[in-house]
Enquirer: 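Here it is, the structure in full.
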Amino acid sequence: MVGPLDVRKAVTWANVPRPGTLDTMTTTVAAYAAPSAKAPLERTTIERRTVGEHDVLIDIKFAGICHSDIHQAREGWGEAIFPMIPGHEIAGVVSEVGSAVTRFKAGDRVGVGCMVDSCRTCENCLAGREQHCLRGNTGTYNAIGRDGEPTYGGYSQKVVVDEAFTVRIPDSLPLDVAAPLLCAGITTYSPLKQWGAAPGKKVAVIGLGGLGHMGVKIAHALGAEVTVLSQSLRKKDDGLKLGADHYHATSDPKTFEELAGTFDVILSTVSAPLDFGAYLGLLKVGGALVNVGAPEEPIALNLFSLIGGNKTLAGSAIGGIAETQEMLDFCAEHGLGAEIELIEASQINEAYERVVNSDVRYRFVIDTATI
């Protein structure tokens with residue numbers, strides 16, 4: 001999941017040349033756009049830049065619907081750029097490559113995640129943490145690129161992306177279940193790896209939704225003992241099938257008594273405000289509560305919840321390009337893909353409402369052939 005656009009960072013690209021030679025020719029493709037904040041998405045056409053020296057042209061096959069698409073299309077995270085073409089969970093096939101491209105060829109199965117550029121020269125970019133580019137990475141949509149034009153996402157037929165921000169989807173992963181891995185997969189894989197999910201560790205995942213179900217699968221594959229913390233037991237059977245060892249309802253006050261001091265890592269995947277003090281109480285001394293959800297409202301926290309047990313309250317935002325490729329290879333090795341409901345483009349607005357109402361198991365994916 002990605003956070004709100006920082007327009008001040010976005011405009012700094014105006015004086016930074018894009019690698020390769022820009023060509024003013026464009027390609028017209030069909031897409032689904034939000035014409036204004038909170039307006040229903042509708043079919044339209046957009047212009048994609050011609051393929052530059054370092055670019056790949058991707059025929060998009062599938063695009064996942066992330067809850068952050070809804071936050072941004074409805075300006076839940078602040079002012080946005082319209083018309084907006086959401087979509088940062090993109091899976092497709094390369095149809096053309098630029099003259100200087102070395103990593104891909106026509107016919108390759110590829111993906112694009114939450115960002116399509118960064119400065120590439122700051123200490124974070126050089127360390128493979130492009131998501132934390134000090135100049136601000138360029139989002140796949142709702143951002144301003146180096147050419148001064150807004151970026152458009154995956155709810156479309158084609159996209160042109162620099163090869164440096166394109167990843168390879170292993171042959172063993174079907175493209176439809178691989179698409180959500182470009183956000184939901186890396187958003188959960190990165191913090192689980194960083195905070196040590198492994199054999200002998202106890203990991204809890206708050207929420208069993210689009211992010212949470214991948215968190216359960218990945219934590220289990222990493223060898224951790226996994227517990228799902230959900231409002232109710234409604235999805236308990238699903239959680240256990242996905243790899244959870246235990247499942248508890250947070251609506252039951254006894255849960256917080258019984259599980260006090262239990263977990264090494266808690267991964268919060270929900271986008272609603274939580275009583276973080278209560279959840280911090282579930283950590284062992286020195287444990288970490290890592291948040292990947294992005295509530296629209298601020299939260300309150302009594303710092304004694306942290307100080308008393310030498311605990312950490314942290315955040316995590318996707319991963320770098322190399323780590324995203326690592327995640328895809330890991331998922332292929334362990335046979336992990338998202339649990340999806342495949343929809344036609346005409347169902348996007350209905351899907352948005354169902355996501356808001358937690359009525360999807362567990363990720364909507366758009367068949368872009370229907371755009």
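For the single chain, residues carry numbers from 1 onward in sequence order.
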Enquirer: Indicate yes or no for a side-chain donor-acceptor contact from Asp275 to the backbone of Gly277 under 3.5 Å, with no hydrogens or angles considered.
Expert: yes
Enquirer: Side chains of Glu339 and Val177: does their closest heavy-atom pair fall under 4.5 Å?
Expert: no
Enquirer: Looking only at heavy atoms, which two atoms of Val101 and His54 are closest? And how far apart?
Expert: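 Smallest heavy-atom distance, with atoms named: CG2-C, 3.6 Å.
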Enquirer: Check this for me: Lys311, atom NZ, are more than 12 non-hydrogen atoms of other residues, nucleotides or ligands nearer than 6.0 Å?
Expert: yes
Enquirer: Check the pair Ser346 / Arg43 against side chain to side chain donor-acceptor pair (under 3.5 Å), numbers first and verdict last.
Expert: CA-CA 8 Å; Ser346 61; Arg43 191 176 189 274; over 6 Å; no
Enquirer: Can you find a heavy atom in the side chain of Pro35 that is under 4.5 Å from one in the side chain of Glu42?
Expert: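 SC-SC contact between Pro35 and Glu42 confirmed.
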Enquirer: Below 4.0 angstrom, N of the basic side chain to O of the carboxylate: do Glu353 and Arg74 qualify?
Expert: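 Salt bridge: yes.
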Enquirer: Checking side-chain polar atoms at under 3.5 Å, does Asn142 have a donor or acceptor matched by the opposite partner on Gln72?
Expert: yes
Enquirer: Please list all pairs passing the ring-ring contact (aromatic ring centres under 6.0 Å, His included) test where one or both residues lie in residues 186-207, with sequence neighbours left out.
Expert: Tyr189-Phe330
Enquirer: Is any side-chain heavy atom of Ile218 less than 4.5 Å from a side-chain heavy atom of Leu336?
Expert: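 Yes; the side chains approach each other to less than 4.5 Å.
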Enquirer: Between the side chain of Thr140 and the main-chain N/O of Met115, is any donor-acceptor distance below 3.5 Å?
Expert: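 Yes.
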Enquirer: Taking Leu282 as the fixed residue, which of Leu229, Thr255, Thr262, Thr227 is the one that meets the side chain to side chain contact (heavy atoms under 4.5 Å, CB included) rule?
Expert: Leu229
Enquirer: Applying the 4.5 Å side-chain criterion to the ILVMFWY set and letting contacts propagate, would Val116 and Ile85 be lumped into a single cluster?
Expert: no
Enquirer: Should we count NZ of Lys254 as having more than 12 external heavy atoms under 6.0 Å?
Expert: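 Counting other residues, nucleotides and ligands, NZ of Lys254 stays at 12 neighbours or fewer.
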Enquirer: With sequence neighbours excluded, tell me which residues meet ring pair (Phe, Tyr, Trp, His ring centres under 6.0 Å) with Phe256.
Expert: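 Phe256 satisfies ring pair (Phe, Tyr, Trp, His ring centres under 6.0 Å) with Tyr279 only.
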Enquirer: Do Leu289 and Phe263 share a hydrophobic cluster, counting only Ile, Leu, Val, Met, Phe, Trp and Tyr and linking them when any side-chain heavy atoms are less than 4.5 Å apart?
Expert: yes
Enquirer: Calculate, to the nearest 0.5 Å, the distance between atoms CD and CD belonging to Glu163 and Glu53 respectively.
Expert: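 Between Glu163 CD and Glu53 CD, I get 11.0 Å after rounding to 0.5 Å.
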Enquirer: Do Leu41 and Met84 sit in one hydrophobic cluster, given that two such residues count as connected whenever their side-chain heavy atoms are within less than 4.5 Å of each other, even indirectly?
Expert: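 No, Leu41 does not connect to Met84 through the hydrophobic network.
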Enquirer: Charged N to carboxylate O under 4.0 angstrom, Lys202 versus Asp264?
Expert: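 No, this pair does not count.
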Enquirer: Apply side-chain hydrogen bond (donor to acceptor under 3.5 Å, both in side chains) to Tyr32 and list each qualifying residue two or more places apart in sequence or on a separate chain.
Expert: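 By the side-chain hydrogen bond (donor to acceptor under 3.5 Å, both in side chains) rule, Tyr32 matches no residue at all.
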Enquirer: May I ask you to say whether Lys235 pairs ionically with Asp238, meaning some side-chain N is under 4.0 Å from a carboxylate O?
Expert: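 Asp238 and Lys235: not salt-bridged.
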Enquirer: Please confirm whether the backbone N or O of Arg354 pairs with a side-chain atom of Asn357, one donor and one acceptor, at under 3.5 Å?
Expert: no
Enquirer: Sequence neighbours excluded, which residues qualify as side-chain contact (heavy atoms from CB on, under 4.5 Å) partners of Arg109?
Expert: Ile169, Asp171, Leu175
Enquirer: Atom CD of residue position Glu344 - does it have more than 12 heavy atoms of other residues, nucleotides or ligands inside 6.0 Å?
Expert: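 Counting other residues, nucleotides and ligands, CD of Glu344 stays at 12 neighbours or fewer.
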Enquirer: I'd like to know if the side chain of Arg146 and the backbone of Asp117 have a donor-acceptor N/O pair within less than 3.5 Å.
Expert: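 No, the answer is negative, given that no donor and acceptor are paired below the 3.5 Å cut-off.
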Enquirer: Is there side-chain contact between Ile340 and Asp176, with at least one heavy-atom pair below 4.5 Å?
Expert: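 In contact.
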Enquirer: What distance do Ile343 atom CD1 and Glu350 atom CD have between them, rounded to the nearest 0.5 Å?
Expert: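 Nearest 0.5 Å value for the CD1-CD distance: 8.0 Å.
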Enquirer: For the hydrophobic clusters of this structure (ILVMFWY residues joined by side-chain heavy atoms under 4.5 Å, transitively), does one cluster hold both Ile307 and Leu283?
Expert: yes
Enquirer: Using a distance-only test with no angle check, is there a side-chain donor-acceptor pair under 3.5 angstrom linking Asp69 and Tyr352?
Expert: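 Result is no, nothing qualifies.
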Enquirer: Salt bridge or not for Glu149 and Arg49, using N-O below 4.0 Å?
Expert: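 Looking at Arg49 together with Glu149, the answer is no, because their closest N to O distance does not fall below 4.0 Å.
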Enquirer: Between Glu75 and Ala37, is there a donor-acceptor pair closer than 3.5 Å when you use the side chain of the first and the backbone of the second?
Expert: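 Checking the backbone N and O of Ala37 against the side chain of Glu75, no donor-acceptor pair under 3.5 Å is found.
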Enquirer: Using every non-hydrogen atom in the two residues, find where Pro170 and Asp329 come nearest and quote the distance to one decimal.
Expert: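 Result for this residue pair: CG-OD1, 3.6 Å.
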Enquirer: Sequence neighbours excluded, which residues qualify as side-chain contact (heavy atoms from CB on, under 4.5 Å) partners of Ser36?
Expert: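 Partners of Ser36 by the side-chain contact (heavy atoms from CB on, under 4.5 Å) criterion, ordered by chain and then number, come out as Ala39.
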Enquirer: With sequence neighbours excluded, tell me which residues meet side-chain hydrogen bond (donor to acceptor under 3.5 Å, both in side chains) with Glu225.
Expert: His246
Enquirer: Which pair of non-hydrogen atoms, one from Ala244 and one from Val216, has the smallest distance, and what is that distance?
Expert: N-CG1, 3.6 Å
Enquirer: Is any side-chain heavy atom of Thr188 less than 4.5 Å from a side-chain heavy atom of Leu267?
Expert: yes
Enquirer: Verify, without hydrogens or angle tests, whether Glu130 (side chain) and Ile321 (backbone) share a donor-acceptor contact under 3.5 angstrom.
Expert: yes
Enquirer: With distance as the sole criterion, is a donor-acceptor pair present between the side chains of Ser190 and Glu323 under 3.5 Å?
Expert: yes
Enquirer: Whether the side chain of Ser251 engages the backbone of Ser232 through a donor-acceptor N/O pair (distance < 3.5 Å, no angle test) should be reported.
Expert: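 No.
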Enquirer: Take the angle between the ring planes of Tyr362 and His213 and call it parallel below 30°, perpendicular above 60°, tilted in between.
Expert: parallel
Enquirer: Considering all heavy atoms of both residues, which atom of Asp367 and which atom of Leu342 are nearest to each other, and what is their separation?
Expert: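 What the structure gives for the nearest pair is N-CD1, 4.1 Å.
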Enquirer: Does Gly337 offer a backbone N or O that forms a donor-acceptor pair with the side chain of Lys217 under 3.5 Å?
Expert: yes
Enquirer: Please check if atom CD in Gln231 has more than 12 non-hydrogen atoms from other residues, nucleotides or ligands closer than 6.0 Å.
Expert: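 No, CD of Gln231 has 12 or fewer neighbouring heavy atoms, counting only those of other groups under 6.0 Å.
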Enquirer: Is there side-chain contact between Ile186 and Leu181, with heavy atoms separated by less than 4.5 Å?
Expert: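 Side-chain contact under 4.5 Å: no.
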Enquirer: Decide yes or no for Leu208 and Leu242: does some side-chain heavy atom of the first lie under 4.5 Å from some side-chain heavy atom of the second?
Expert: yes
Enquirer: Hey, could you give me the OG/NE2 distance between Ser271 and His71, rounded to the nearest 0.5 Å?
Expert: 4.0 Å
Enquirer: I'd like to know if Arg363 pairs up with Glu89 as an ion pair, taking the criterion as any Lys NZ or Arg NE/NH1/NH2 lying under 4.0 Å from an Asp or Glu carboxylate oxygen.
Expert: yes
Enquirer: Count the heavy atoms belonging to other residues, nucleotides or ligands that lie under 6.0 Å from NE2 of His220, then report whether that count exceeds 12.
Expert: no
Enquirer: Return the CD1 to OG distance between Ile58 and Ser95, rounded to the nearest 0.5 Å.
Expert: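 Between Ile58 CD1 and Ser95 OG, I get 8.5 Å after rounding to 0.5 Å.
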Enquirer: For Lys284, look at atom NZ and say whether over 12 heavy atoms of other residues, nucleotides or ligands are found less than 6.0 Å away.
Expert: yes
Enquirer: Is the backbone of Ile206 close enough, under 3.5 Å, to the side chain of Thr269 for a donor and an acceptor to pair up by distance?
Expert: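 Pair found, side chain donor or acceptor close to backbone of Ile206.
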Enquirer: Output yes when Glu123 and Arg129 qualify as a salt bridge under the 4.0 Å nitrogen-oxygen rule, no when they do not.
Expert: no
Enquirer: Going from SG on Cys122 to CG on Leu134, what distance comes out if it is rounded to the nearest 0.5 angstrom?
Expert: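 Reported to 0.5 Å precision, the distance equals 4.0 Å.
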Enquirer: Charged N to carboxylate O under 4.0 angstrom, Asp162 versus Arg120?
Expert: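 Yes, charged N to carboxylate O under 4.0 Å.
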Enquirer: Could you tell me which non-hydrogen atom of Ser68 sits nearest to which non-hydrogen atom of Trp77, and how far apart they are?
Expert: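 What the structure gives for the nearest pair is CB-CH2, 3.3 Å.
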Enquirer: Checking the side chain of Arg168 only, and the main-chain atoms of Leu328 only, is there a donor and an acceptor separated by less than 3.5 Å?
Expert: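 No; judged by distance alone, with no hydrogens or angles, the pair does not exist.
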Enquirer: Count I, L, V, M, F, W, Y as connected when their side-chain heavy atoms are under 4.5 Å apart, and connections chain through other members. Are Phe364 and Tyr141 then in the same cluster?
Expert: no
Enquirer: Rounded to the nearest 0.5 Å, what separates atom NZ in Lys241 from atom NZ in Lys236?
Expert: 13.5 Å
Enquirer: Is any side-chain heavy atom of Ile366 closer than 4.5 Å to a side-chain heavy atom of Ile348?
Expert: yes
